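Please read the structure below before turning to the comments.
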Amino acid sequence: DLESQGCLRVLRGHRGPVTCLRFAGRWAVSASLDGTCRMWHAWDGVCVRVFEAGSTQVKTLVWSGRLVITGGEGGLNLWDTDSIRARFIPHRLGVEDIDWNGELLCIASNG
């Protein structure tokens, strides 16, 4: 809370450091070095979806409605938030950061 400068909610569930967090309305999505991305109901702190990236650390994410795109060591995962199905796109240099405007995906890599 900016006015009181107090913490309103702690989102617990990741087993490693959280690398990225995005909000949209009452929802939040977090990425972690534990290889997961989690969708939260931000007002009560309940985790409603877990997206498993396997052994790949998740360093960054973008999110728009039904699509979550995560990036990390091995490449990109494109997740459908309703079905929790993913499509993996390998990237040999690893992905450090991503941004997406709904049409174009911009990738920052290690080389």
Side-chain angles (χ1 to χ4, degrees):
D1 180 19
L2 292 177
E3 192 172 307
S4 69
Q5 297 182 2
C7 178
L8 295 179
R9 187 90 49 240
V10 176
L11 305 176
R12 298 189 190 281
H14 285 293
R15 296 173 312 275
V18 173
T19 55
C20 192
L21 181 66
R22 301 286 186 256
F23 281 93
R26 65 179 191 256
W27 302 101
V29 177
S30 59
S32 172
L33 295 182
D34 68 5
T36 67
C37 181
R38 292 176 177 261
M39 180 177 278
W40 309 86
H41 188 269
W43 302 130
D44 60 15
V46 173
C47 179
V48 295
R49 301 262 191 290
V50 178
F51 307 97
E52 298 276 349
S55 61
T56 302
Q57 296 177 338
V58 183
K59 296 181 179 178
T60 186
L61 71 92
V62 291
W63 171 39
S64 177
R66 290 186 52 197
L67 181 65
V68 173
I69 304 170
T70 61
E73 294 172 326
L76 298 167
N77 281 298
L78 286 70
W79 302 93
D80 179 301
T81 60
D82 289 339
S83 67
I84 314 181
R85 286 193 206 123
R87 177 177 172 215
F88 180 72
I89 302 171
H91 193 285
R92 67 180 179 84
L93 299 174
V95 176
E96 292 297 319
D97 199 12
I98 51 179
D99 200 5
W100 182 54
N101 68 3
E103 293 181 32
L104 299 174
L105 182 65
C106 183
I107 301 168
S109 68
N110 292 326

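Numbering starts at 1 and runs along the sequence shown. Just so we're clear, the structure is a prediction, and the values are computed from it rather than from any experiment.
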Between atom [atom1] of [X] and atom [atom2] of [Y], what is the distance when rounded to the nearest 0.5 Å?
X: Asp82; Y: Leu67; atom1: CG; atom2: CG; result: 11.0 Å
X: Ile69; Y: Leu105; atom1: CD1; atom2: CG; result: 5.0 Å
X: Leu61; Y: Asp97; atom1: CG; atom2: CG; result: 9.5 Å
X: Ile98; Y: Lys59; atom1: CD1; atom2: NZ; result: 12.5 Å
X: Arg66; Y: Thr81; atom1: CZ; atom2: OG1; result: 6.5 Å

Tell me the closest heavy-atom pair linking [X] and [Y], and the distance in Å.
X: Trp43; Y: Gly25; answer: CZ2-O, 4.2 Å
X: Thr36; Y: Arg38; answer: OG1-NE, 3.9 Å
X: Trp40; Y: Gly45; answer: CE3-O, 3.5 Å

Would Val62 and Asp99 count as a side-chain contact (heavy atoms from CB on, under 4.5 Å) here? Give the steps. CA-CA 6 Å; Val62 291; Asp99 200 5; 4.2 Å; yes
Does [X] belong to the same Ile/Leu/Val/Met/Phe/Trp/Tyr cluster as [Y], with side-chain heavy atoms less than 4.5 Å apart forming each link?
X: Val48; Y: Val68; result: yes
X: Val50; Y: Val46; result: no
X: Leu21; Y: Trp27; result: no

Taking the side chain from Ser109 and the backbone from Val95, do they hold a donor-acceptor pair closer than 3.5 Å?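 No: the side chain of Ser109 does not pair with the backbone of Val95.
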Pairwise salt bridge (charged side-chain N to carboxylate O under 4.0 Å, His left out) hits with a residue in residues 6-28, at least two apart: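 Listed by first then second residue: nothing to list.
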Evaluate the side-chain contact (heavy atoms from CB on, under 4.5 Å) criterion for residues Val29 and Cys37: first the C-alpha distance (whole Å), next the side-chain angles of each, then the deciding distance (0.1 Å), finally the verdict. CA-CA 7 Å; Val29 177; Cys37 181; 3.3 Å; yes
Among residues two or more places apart or on two chains, list those pairs meeting ring-ring contact (aromatic ring centres under 6.0 Å, His included) that have a residue in residues 58-96.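 Counting only pairs at least two positions apart or across chains, the ring-ring contact (aromatic ring centres under 6.0 Å, His included) contacts touching residues 58-96 are Phe51-Trp79.
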Close side-chain approach of Val58 and Ser32, heavy atoms under 4.5 Å: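 No. Closest side-chain heavy atoms not under 4.5 Å.
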